[in-house]
Structures are given as C-alpha cells and as structure tokens.
Chemist: 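Pasting in a structure now, in structure tokens, and then I'll have a few things to ask.
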Amino acid sequence: KKLRNYLLAINTMGISLSLMPFIILYGSEFLSLSKNILGTLLIFKVAGGVLTGLILFKYSKFFNYGKLLYAMVLIAITLPILTLISSYYAPLFYGVFFLGGILLSTYSMAITGILLEISDSKNRALFTGLAGTGSIIPAIFPLFGGWLISFFNFETFFAVFSLIILSSI
C-alpha cells in the first residue's frame, strides 16, 4: 500500500516538474517576455529553490515528508491561478517563478524523503527502480499539455493540471 501511494504521488505530482515551461510559454504569449526578463525570472526560480532548501534543512527535525507533500499540492495548484492573474498584474509573474522554484525544490526533497520512509535497505533499490519505471504520467504530460493548449487554451491546460495535482491527495 505504501508503494502504491508513493507511485501515485510520483505520477501525479511529477507533472509539476513540467509546469514551468508552460508558464514561460504563457508569459511569452500574454506578457511579451524579453530574454532579459526571462533571465531575471529564472533567477527568481533558483532563489526560491535555494531558499527552500536552506529553510527545510534548518527545520528538518520539525516536519515530515507527508506534510511536505500537502504543501506541494497547495503550491502546485496556486501556480496556475497566479499565472492567470499575472496577465492583469505582470509583476506577480516574478512571484510565480519564485514559487516555482519552491515547488521544484520541495518535490525533490519530499519524493526522496518519502522513499526513505517507506522502504528499508533491503527493498530500497527495488522501490527506486519501480518509481523510475512507473513515472508514466510525467513523461507523457508535456505532450498532452501541448495538445490541450493548441486545441483549447491555457485555462483548460491549467484546469486539467490542477485536477491531476489534486488527485494526489
């Protein structure tokens, strides 16, 4: 059961790794991002990831990885909403990238931590292999997302993304 829940979390939350390129595409279409602004946005993303890593390291004794997974869900469903709002208030887009960095950093820490919690030294290699092979949705989601945007719109893409993320709870 623990392995099944872990694989579900990897498959559903794993699509969050592919969200940022779609947010960049949204920004380039609706906010006319220049290459200079994009570089600054990527710095915000890195800053969010580094700050998250430092905070989680400092307070690692006070949280568990399951609760971190819920925080990831909250951040992941907030990102599309903030992205859409940023078309009305462009400076918010910097916050979107900062949160994107937090999400990516949190994902890598939580997924690894959960693997350590549900496995022991005897089955950890097997669980890791199954997790790698079982990550089907994150592999095909970018193709599906591109199709959704080209046939529908960004709002539809963000709605489907949020529904998949919510299914990880």
Side-chain angles (χ1 to χ4, degrees), residues 2-3 5-28 30-31 33 35-87 89-119 124 127-128 131-132 134-135 137-139 141-142 145 154 157-169:
K2 287 181 181 181
L3 178 61
N5 290 341
Y6 178 69
L7 291 175
L8 177 67
I10 285 178
N11 270 293
T12 53
M13 287 305 299
I15 68 168
S16 63
L17 299 176
S18 64
L19 180 63
M20 293 310 290
F22 289 105
I23 289 176
I24 292 170
L25 180 62
Y26 180 87
S28 65
F30 294 99
L31 299 174
L33 296 180
K35 290 181 182 178
N36 291 340
I37 293 174
L38 184 57
T40 305
L41 289 169
L42 292 174
I43 289 172
F44 272 79
K45 180 180 144 197
V46 170
V50 169
L51 183 64
T52 300
L54 292 172
I55 290 171
L56 290 177
F57 175 74
K58 180 166 177 64
Y59 297 104
S60 62
K61 296 174 185 161
F62 303 110
F63 69 87
N64 69 30
Y65 294 105
K67 289 181 182 175
L68 201 54
L69 188 63
Y70 286 114
M72 288 170 35
V73 169
L74 182 64
I75 294 168
I77 62 173
T78 302
L79 279 174
I81 296 166
L82 292 177
T83 300
L84 293 172
I85 293 171
S86 71
S87 63
Y89 184 68
L92 185 60
F93 212 56
Y94 292 99
V96 168
F97 272 75
F98 188 78
L99 276 176
I102 291 171
L103 178 65
L104 296 175
S105 180
T106 306
Y107 175 85
S108 63
M109 287 182 224
I111 294 301
T112 304
I114 291 170
L115 176 66
L116 292 173
E117 285 181 351
I118 67 167
S119 64
R124 190 164 295 137
F127 279 25
T128 303
S135 299
I137 295 173
F141 187 76
F154 278 97
F157 166 76
F158 288 141
V160 170
F161 169 85
S162 297
L163 288 174
I164 294 172
I165 291 296
L166 284 172
S167 73
S168 68
I169 297 178

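All values below were derived from every heavy atom in this structure, side-chain atoms included, with hydrogens, water molecules and symmetry-related copies excluded.
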Chemist: What distance separates Thr12 OG1 from Phe141 CZ, expressed to the nearest 0.5 Å?
Modeler: 11.5 Å
Chemist: Sequence neighbours left out, what passes side-chain hydrogen bond (donor to acceptor under 3.5 Å, both in side chains) with Ser87? Give chain and number order.
Modeler: Tyr26
Chemist: Can any side-chain N or O of Thr52 pair as donor or acceptor with the backbone N or O of Gly48 at less than 3.5 Å?
Modeler: yes
Chemist: Please report the interatomic distance OH(Tyr70) to CD1(Ile75), rounded to the nearest 0.5 Å.
Modeler: 15.0 Å
Chemist: Can we call the ring centroids of Phe98 and Tyr94 under 6.0 Å apart?
Modeler: no
Chemist: Rounded to the nearest 0.5 Å, what's the gap from CD1 on Ile137 to OG on Ser18? Could you check?
Modeler: 11.0 Å
Chemist: Among all residues two or more places apart in sequence or in another chain, which pass the side chain to side chain contact (heavy atoms under 4.5 Å, CB included) test with Leu92?
Modeler: Leu82, Ile85, Ser86, Tyr89
Chemist: Contact between Leu103 and Leu17 at the side-chain level, heavy atoms closer than 4.5 Å - yes or no?
Modeler: no
Chemist: Between Leu79 and Phe158, is any pair of side-chain heavy atoms under 4.5 Å apart?
Modeler: no
Chemist: Can you tell me how far the OG1 atom of Thr106 sits from the CG atom of Leu68, to the nearest 0.5 Å?
Modeler: 5.5 Å
Chemist: Which heavy-atom pair separates Ala90 from Leu31 by the least distance, and what is that distance?
Modeler: CB-CD2, 4.2 Å
Chemist: Looking at CD1 of Ile23 and NZ of Lys45, how far apart are the two atoms once the value is rounded to the nearest 0.5 Å?
Modeler: 10.0 Å
Chemist: Can you sort out the partners of Ile165 under side chain to side chain contact (heavy atoms under 4.5 Å, CB included), two or more places apart, ordered by chain and number?
Modeler: Met13, Ile15, Ser16, Val73, Ala76, Ile77, Phe161
Chemist: Kindly indicate whether the side chain of Thr83, heavy atoms from C-beta on, has any atom under 4.5 Å from the side chain of Phe93.
Modeler: yes
Chemist: With a 3.5 Å distance limit and no angle check, can you tell me whether Ser105 reaches the backbone of Ile102 through a side-chain donor-acceptor pair?
Modeler: no
Chemist: Taking all heavy atoms of Met72 and all of Ala110, pick out the closest pair and write down the distance.
Modeler: SD-CB, 3.5 Å
Chemist: In terms of relative ring orientation, are Phe22 and Phe157 parallel, tilted or perpendicular, with 30° and 60° separating the classes?
Modeler: tilted
Chemist: Could you please spell out the steps behind the side-chain contact (heavy atoms from CB on, under 4.5 Å) verdict for Phe154 and Leu25?
Modeler: CA-CA 10 Å; Phe154 278 97; Leu25 180 62; 3.7 Å; yes
